[in-house]
Amino acid sequence: MLESVRSVEPRALTDEPHAVYAELRTAGPVHRVTGTDGKPAWLVTRYEDVRRALGDPRLALDRRHALPGNYTGFNLPPALDANLLNMDPPDHTRVRRLVARAFTPGRVEKLRDPVRTLAHTLLDAVEPLGRADLVAAYAAPLPITVICDLLGVPAADRPDFRTWTDTLITPDPARPEAAGQAVGAMLRFYTGLIADKRATPGDDLLSDLIAARDEDGDRLTEDELTSLAFLILFAGYENTVHLIGNSVLALLDHPDVLARLRSEPALLAPAVDELARFDGPAPLAIRRFPVEDLDIGGVTVPAGETVLLSLASANRDPARFEAPDALRPDSAGAGHLALGHGVHYCLGAPLARMETETALAVLLERLPGLRLDVPRADLRHRPTIRARGLLTLPAAW
C-alpha cells in the first residue's frame, strides 16, 4: 500500500479535529504529514494500528533512534529531558517503578475526600456570582493544587508554574524567546525545590524520590530525579485540566447525558472513560521512532523517522466503537486509548480519572441549571495539536 501525502491545516486540528481525523481514517491508515515541530512525520489514524503501535517495542521513545535533523522537540536541558517520555525499557521500567506506587488505585482513592473538599472550596468562591470561567476558576486550580500537594510544592510557586506550562505548550509566535525563558525558569525552580527538600524533607512524593536517589544512586540519577519531578507536575496538571474542561463542555453539549448523570451519579465512573474517549486531553501520543523499517497499516515506515499516533482519531474509529461520535455514559468508552496503552500507559491515569469524576460530581451537585454563558461558536481551544483543551469555559447557573 502507498501512503497518502496530506497537508493538514493546523487550525482545523484544533477547532474541528474529529471531522479532519474522520476524513484521514477513510482515506487511509497512515499519512505523511507535517509534524508538531514543522518536520515531516507519519500519522497513524486507525484504532487497531494505533493500539498495536503503542505496545510495539520497535517504536522507541528515545530520541537517539531519530534520524539526524528529523525531529525537533522542546529542546529541554538534560536535567528536564531525562524523563519517562524519552525513555525505553529497561531505563523506563526502572524509573517508572520508583514512582508508580504513588499512583496506585488504592493510594489515589485515599485522596478522593480531600479532592472533593477542594472542589467544594473552589465552587464556594464562585457559586454566589452565578457565572464564572470554569477553566480558570475550577478545572485548572483543582489538578494543580492536587499534584502540587502530592509533590510538596509551596503554594506561592504554583501560579508561576501554570504560566510556564502554558508558555511551553502554546508558544507565542510574537515572543519566540518566551519558551526558552520558561524552560530556564522551570529548571531553576525544580533545582531549588529539590535542594530545599534535601535540606528539609517533608511528607511528600518528591522527598521520597530524593531519599531513593540519595540512598542508592544506581536507582535514579540527578537528572532523572529532576526530570521526573518536572514530568509529574507538568503531566499531572496539563492532562487533567483539559480532561475536566473537555468533559464539562461535552456534557453541556449533551443535556440528555448531563441530566442522566445528575439522576444516576453511579454512572459517573464509567462516564469519565467515555468522556476521555469522546474528547480526550491528548490528541497525539508522544512521538516515536522505529528502530528498524516497520510496517504500520501496510505502509513501510523507515527507521528513525517520526511516527505520530493519533489517540483522538483511534478513539472515534467506527471499526472499534459503535456510534463513535455519540456520547454514551455507560461502558461505551471501554478500551479507549486516551491515556495510552502498553508499558507507556499514563502513570497518573487513576489520579486523573478520580479527579475528573469528583470534579464533575461536585459540579453537578452544586450548580443546577449549569449552562454556557457565551455562544457555543465563541469557544476556542488552545492553538496546539499537542493538547486538546479549552482556553476558557464561561458558564452560568
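The side-chain heavy atoms of Leu311 and Leu54, taken from C-beta on, include a pair separated by under 4.5 Å. Under the 4.5 Å side-chain criterion, counting only non-hydrogen atoms from C-beta, Leu205 is in contact with Val99.
For Asp293, the side chain to side chain contact (heavy atoms under 4.5 Å, CB included) partners are Thr300, Pro302, Ala303, not counting sequence neighbours. With sequence neighbours left out, the salt bridge (charged side-chain N to carboxylate O under 4.0 Å, His left out) criterion links Arg262 to no other residue. Under the side chain to side chain contact (heavy atoms under 4.5 Å, CB included) criterion, Ala352 pairs with Thr240, not counting sequence neighbours. Arg188 is linked by a side chain to side chain contact (heavy atoms under 4.5 Å, CB included) to Ala185, counting only residues two or more places apart in sequence or in another chain.
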Take Arg52 and Asp49, measure what salt bridge (charged side-chain N to carboxylate O under 4.0 Å, His left out) needs, and give me the verdict at the end. CA-CA 5 Å; Arg52 190 178 301 112; Asp49 296 318; 3.5 Å; yes
Take Arg25 and Ser313, measure what side chain to side chain donor-acceptor pair (under 3.5 Å) needs, and give me the verdict at the end. CA-CA 8 Å; Arg25 277 195 311 272; Ser313 180; 3.2 Å; yes
Check against side-chain contact (heavy atoms from CB on, under 4.5 Å), Thr34 and Lys39: CA-CA 5 Å; Thr34 300; Lys39 302 292 181 66; over 6 Å; no
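Under the 3.5 Å distance criterion, the side-chain polar atoms of Arg101 are matched with a main-chain donor or acceptor of Leu98. Counting only distance, with no hydrogens or angles, the side chain of Arg353 and the backbone of Asp273 share no donor-acceptor pair below 3.5 Å. Side chain of Asp279 to main chain of Asn246: no donor-acceptor pair is present (N/O by atom type, distance under 3.5 Å, no hydrogens or angles). Tyr21 places no side-chain N or O within 3.5 Å of a backbone atom of Asn315 that could act as its donor or acceptor partner. At least one donor-acceptor pair under 3.5 Å links the side chain of Thr163 to the backbone N or O of Pro159. At distances below 3.5 Å, not a single donor-acceptor pair connects side-chain atoms of Asp133 with backbone N or O atoms of Thr392. With hydrogens and angles disregarded, a donor-acceptor distance shorter than 3.5 Å links the side chain of Arg316 to the backbone of Phe278.
Nearest heavy-atom pair, Lys197 versus Ser207, reported as atom, atom and distance to 0.1 Å: CD-OG, 3.5 Å. When all heavy atoms are compared, the tightest approach of Pro350 to Val108 is O-CG1, 3.5 Å. Residues Ala139 and Val241 share a closest heavy-atom pair of O-CG2, 3.3 Å. The two residues Trp42 and Arg32 make their nearest non-hydrogen contact at NE1-NH1, 2.7 Å. Closest non-hydrogen pair, Leu268 versus Leu360, comes out as CD2-CB, 4.0 Å. Thr26 and Arg46 make their closest contact through O-NH2, 3.8 Å (heavy atoms, listed as atom of the first residue, atom of the second, distance).
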Kindly list each side-chain donor-acceptor pair under 3.5 angstrom involving residues 225-233, sequence neighbours excluded, with atom names and distances?
unit_1, atom_1, unit_2, atom_2, d
Thr226, OG1, Glu222, O, 3.1
Ser227, OG, Ala79, O, 2.8
Ser227, OG, Leu80, N, 3.4
Ser227, OG, Leu80, O, 3.4
Ser227, OG, Asp81, N, 3.3
Ser227, OG, Ala82, N, 3.0
Ser227, OG, Asp223, O, 2.9

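With respect to the salt-bridge test (charged N to carboxylate O, under 4.0 angstrom), the residues Glu224 and Arg213 do not qualify.
For the pair Arg287 and Tyr71, the cation-pi criterion (under 6.0 Å, within 45° of the ring axis) is fulfilled.
At a threshold of 4.5 Å between side-chain heavy atoms, the hydrophobic network of Ile, Leu, Val, Met, Phe, Trp and Tyr places Val146 and Ile144 in one connected group. Linking Ile, Leu, Val, Met, Phe, Trp and Tyr whenever their side-chain heavy atoms come within less than 4.5 Å leaves Phe289 and Val291 in two separate clusters. In this structure, Leu391 is not a member of the same hydrophobic cluster as Leu252, with clusters built from ILVMFWY side-chain heavy atoms closer than 4.5 Å. Under a hydrophobic-cluster definition in which Ile, Leu, Val, Met, Phe, Trp and Tyr are linked whenever side-chain heavy atoms come within less than 4.5 Å, directly or via other members, Leu339 and Leu308 are assigned to different clusters.
There is a side-chain donor-acceptor pair under 3.5 Å between Arg366 and His120.
Applying the ring pair (Phe, Tyr, Trp, His ring centres under 6.0 Å) test to pairs two or more places apart or on separate chains, those with a residue in residues 320-345 are Tyr47-Phe321, His92-His344.
Checking Val362, Ile147, Leu118 one by one against Leu142, the side chain to side chain contact (heavy atoms under 4.5 Å, CB included) holds for a single residue, Leu118.
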